[in-house]
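The basis for the numbers below is simple: all heavy atoms, side chains too, and nothing from hydrogens, waters or symmetry mates.
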Amino acid sequence: MQTEQDLEKLVHAYTAPLLRYCTAMLGSEADAQDAVQTTFVKAWLRRNSLRGDGQDNERAWLYRIAYRTALDMLRTAKRAEQRQPPQPPEPDPGISEELRAALNTLDPLDRALVLERVLDGMDYAALAKIHRRPESYLRTRYHRAKRRLADLLEKEGIRHDP
């Protein structure tokens, strides 16, 4: 990505999926909008670090930036939460409260893997690019996270499809 036009193309192509992903990661559409905006700012500032051409590479690069941005925001929120009394989270329009609560019990990588696989339909090769870890490791983490999520939902009496 070398020009402003290249950035405009990326913004147009990836704003909606990144917003959906960040909303699911952060639990708030307002925070997700901030995360996506920050992602594109970081992408512009680091445009020379994008190697090679191709949509898969661009997508992995942007999701990696979005993932790290969301993690930073989660860490910041956790520190702020320790200083303030808890407030109820904003409802997520696409995810039930029970599922949101179960997702929040997963660590951020496991939560990201579930969201990336389920919401965005990413394959393990794309996940490996995003998280810079071997596909086999991510496959194992995903299946364990999915099993843990199913167990949690079953305990809550919520029907699920494995």
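Side-chain heavy atoms closer than 4.5 Å link hydrophobic residues (I, L, V, M, F, W, Y) into clusters, and following such links, even through other members, never connects Leu103 to Leu152.
Within 6.0 Å of the CZ atom in Arg68, the count of heavy atoms belonging to other residues, nucleotides or ligands does not exceed 12.
Between Thr23 and Arg100 the shortest heavy-atom distance is O-NH2, 3.8 Å. Nearest heavy atoms, Met73 versus Ala35: SD-CB, 3.5 Å. What you find for Leu26 and Ala70 is that their closest heavy atoms are CD2-O, 3.6 Å. In plain terms, the two heavy atoms of Leu149 and Ala102 that are nearest each other are CD1-CB, 3.4 Å. Contact record, Met25 with Pro108: CE-O, 4.0 Å, taken as the closest heavy-atom pair. The heavy-atom pair separating Ala43 from Trp61 by the smallest distance is O-CH2, 3.2 Å.
Distance check, rounded to the nearest 0.5 Å: CG of Asn57 to CG of Leu62 gives 10.0 Å. Rounding to the nearest 0.5 Å places CG of Leu109 at 6.5 Å from CG of Leu138. Note that CD of Gln37 and OG1 of Thr15 are 10.5 Å apart. Values are rounded to the nearest 0.5 Å. In this structure, Lys146 NZ and Leu106 CG are separated by 13.0 Å, a value rounded to the nearest 0.5 Å.
The closest donor-acceptor contact from the side chain of Arg132 to the backbone of Arg64 lies at 3.5 Å or more, if one exists at all.
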Side-chain donor-acceptor pairs under 3.5 Å in residues 113-127, sequence neighbours left out?
unit_1 : atom_1 : unit_2 : atom_2 : d
Glu116 : OE1    : His131 : NE2    : 2.8
Glu116 : OE2    : Tyr21  : OH     : 2.6
Glu116 : OE2    : His131 : NE2    : 3.1
Arg117 : NH1    : Met122 : O      : 2.8
Asp120 : OD1    : Arg20  : NH2    : 2.3
Asp120 : OD2    : Tyr63  : OH     : 3.1
Asp123 : OD1    : Ala125 : N      : 3.3
Asp123 : OD1    : Ala126 : N      : 2.8

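Residues that satisfy the side-chain hydrogen bond (donor to acceptor under 3.5 Å, both in side chains) test with Arg141, not counting sequence neighbours, are Asp107, Asp110, Tyr137. In this structure Arg144 satisfies the side chain to side chain contact (heavy atoms under 4.5 Å, CB included) test together with Thr140, Arg147, sequence neighbours excluded. With sequence neighbours excluded, the residues that form a side chain to side chain contact (heavy atoms under 4.5 Å, CB included) with Gln33 are Leu19, Glu29. With sequence neighbours excluded, the residues satisfying side-chain hydrogen bond (donor to acceptor under 3.5 Å, both in side chains) with Lys42 are Thr69. The side-chain hydrogen bond (donor to acceptor under 3.5 Å, both in side chains) search around Thr38 returns none, not counting sequence neighbours.
Residues Arg47 and Trp44 have side chains in contact (heavy-atom distance under 4.5 Å, counting atoms from C-beta outward). Residues Phe40 and Val36 are in side-chain contact: their nearest non-hydrogen atoms beyond the backbone lie under 4.5 Å apart.
Ion pairing of Asp72 with Arg75 is present here, as a side-chain N (NZ or NE/NH1/NH2) and a carboxylate O approach within less than 4.0 Å.
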